[in-house]
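Reviewing the structure listed below.
On a predicted model such as this, the values are computed, not experimentally measured, just so you know. Residue numbers start from 1 in every chain, and the chains themselves are labelled A, B, ... in the order their sequence lines are given, proteins ahead of strands.
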Amino acid sequence: MMSDDVERRLATSGHVVKDPALQQYLHQIICRLSPEYCADIRVHVVRNPHFNASMAPNGSMQVWTGLLLRAQDEAQLAAVLGHEIGHYTERHSIERWTQIIASSDAAAFFGLAAAAAGVGPAGTLGQLVALLSIYAYSRDQERQADDIGLAMLVKSGYDPHAAAEVWRGIIEEVGAGEEDAQRPSVFVSTHPRPEERMKTLEERAAALAATSGQERSAERFAGAINGRRAAWLQSLLGVRDFESNRIVLDRLIASAMNLGELKYFDGEFYRLRGEEGDGEKATAAYEMGVTIGGAAPKIYRALGQSYMRMGDNERARAAFESYLSAAPNAEDRELIEAEIKNL
Amino acid sequence: MWPKSILILSCLLLAACQSFTLVEAEKQTIGGTYSVEAQIQWNKMDEQGVELWTVDGPLLQSLRFVSEVKDGDALFTLPRAPGSAEQQAQMPTYRDDFSLSETVEFIIASLERYGANQIKASHIRPAKFGSADGIRFEFTFLTEEGLESDGIATAATIDAELFVVIYSGTHEYYFPKYKDQVERLLASIALVDGQVGYMFKSLLEEERVGPGVG
């Protein structure tokens, strides 16, 4: 079966995150949402900064780190997972496959399927993404998956408002940046208009509010991503989509979860963007991150570079020395020592 | 408009049709800026403006010479494919006022966007690039297919342009196979007369000597 081939390739690809604890956490949420399908679903965490999750007909679920980065609590994450389980339980991808085979899309579909299965020299995540876009579900299927996902949230005791919140975030972000083959648009393009879905989900959540649970599990979610988020943020900033990245960062900063770490990445954002006045903003963000605490030692290195750029060699030296003191075995120790010597 | 399936097939065929020329085991000049002593015969191809050498095939091991990266340039140009223009626009770009650490970060971020997954750099240090002051580090990464791979990168700024040499290959067999020869090649880098390299910008005005410096 083709989805088995895709899953085999995904499971061994360089994009998949080997993190059993994180996979277990996600699987626990899936089992809570859908105990009857729990044993059939396998979760693969994919390191990709864009927002996406998907479910193949063989029970293989992809959760991209971009989704984990954007979810603000477990309820929001569960809203997306529940939606994807809805597609699975209703066999939407199989229905779509049947439609494709009967239509003029068949040639394109099988061309991509062959590439994704490794025929040819360039079997990559990009092709798997392209495959997802061909799997685009109908509006009715999406509405059905939304209904099932919302029902799962309510049955599991999560706050049903979380589903509409996810879409509000996507709307803000998609409106800010440029289109790209792997941006949130991958998720959005396969669905009805986000505004319509958000409104419908808000209305249904309001109707259910009196009888539904209110659980958000923000702390449990924070514990699950603790120590992992920095790598995902690094990956996000690796994509120079500054408008979209700014929105994601602002939302995270508003949540104030490990603010010191976020201030480091806030500074990195300004340093990488490099517009007029961004140097000063970067320095201010690093300084605040140091004051708050909780960021990795490299915040001192970043601060040292900021001061060095400003010509403030004395403070640059102090910041670099703080970095080497906090990270005595840093891989770039010799380089930083050279920077200090050069001040 | 061409059907999508034909466009995809064209991309795959183009990628498969790369032409190689032989590199003899002798002194070779790279971009007119520096020379290296090739210890063995290599096969050379042009990879979107990057000079790529390999013995067993680019997917197994490769030696990339990236030359004349100017302020605002990306290190790599992505092959033409649907959506590649947008992804190219999101590639990191070089700034000629980068610090040493920023230059290292630029190379690592560029490698990540070019398909080196979960890259980890080690022993990042100042190093000679011929007579120029440069940087060097080793790294590990996973290929798109999840194959464990190793790499070496060294770089220097020469006349305000960045020059980078990257050797990479599979952790098992192909990277170690020619590592010693590559180490000797890197040690043989010699700037062509008149080229002056630097990585320490503040020393530039005081110590840099050579043609074109008033």
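The pair A:Asp332-B:Arg125 does not count as a salt bridge, with every side-chain nitrogen at least 4.0 angstrom from each carboxylate oxygen. B:Glu145 has no carboxylate O lying under 4.0 Å from a charged side-chain N of A:Arg9, or vice versa, which leaves the two without a salt bridge.
The closest donor-acceptor contact from the side chain of B:Gln118 to the backbone of A:Gly14 lies under 3.5 Å. Between the side chain of A:Glu331 and the backbone N or O of B:Ile124, no donor-acceptor pair lies under 3.5 Å.
Other residues, nucleotides and ligands contribute more than 12 heavy atoms inside 6.0 Å of the CD atom of B:Glu183. Residue-environment remark: NZ (B:Lys44) stays at or below the threshold of 12 foreign heavy atoms within 6.0 Å. Atom NZ of A:Lys18 has more than 12 heavy atoms from other residues, nucleotides or ligands within 6.0 Å.
Most heavy-atom pairs under 4.5 Å with chain B, from the set A:Gln234, A:Arg301, A:Gln305: that is A:Gln305. For chain A, the option among B:Asn117, B:Leu142, B:Val104 with the highest count of heavy-atom pairs below 4.5 Å is B:Asn117. Looking only at heavy-atom pairs under 4.5 Å with chain B, the residue among A:Thr12, A:Val16, A:Ile336 that has the most is A:Thr12. Note: B:Arg95 leads B:Glu148, B:Glu112, B:Arg95 in heavy-atom pairs under 4.5 Å with chain A.
Both the backbone and the side chain of B:Glu102 have a heavy atom closer than 4.5 Å to some heavy atom of chain A. Heavy-atom distances place the side chain of A:Arg309, and not its backbone, under 4.5 Å from chain B. Both the backbone and the side chain of A:Leu272 come within contact range of chain B, each with at least one heavy atom under 4.5 Å from a heavy atom of that chain. Proximity to chain A is limited to the backbone of B:Thr143, based on heavy atoms less than 4.5 angstrom apart. In this structure, chain A has a heavy atom under 4.5 Å from the backbone of B:Ala121, while its side chain stays farther away.
Taking 4.5 Å as the limit, every side-chain heavy atom of B:His123 sits out of range of all side-chain heavy atoms of A:Arg333.
Looking at every heavy atom in both residues, A:Glu339 comes nearest to B:Ser101 through OE2-N, 3.4 Å. Here the closest non-hydrogen pair linking A:Arg240 and B:Pro92 is NH2-CB, 3.6 Å. Closest approach of B:Leu100 and A:Ala338 over heavy atoms only: CD1-CB, 4.4 Å.
Here B:Lys128 pairs with B:Asp133 under the side chain to side chain contact (heavy atoms under 4.5 Å, CB included) rule; sequence neighbours left out.
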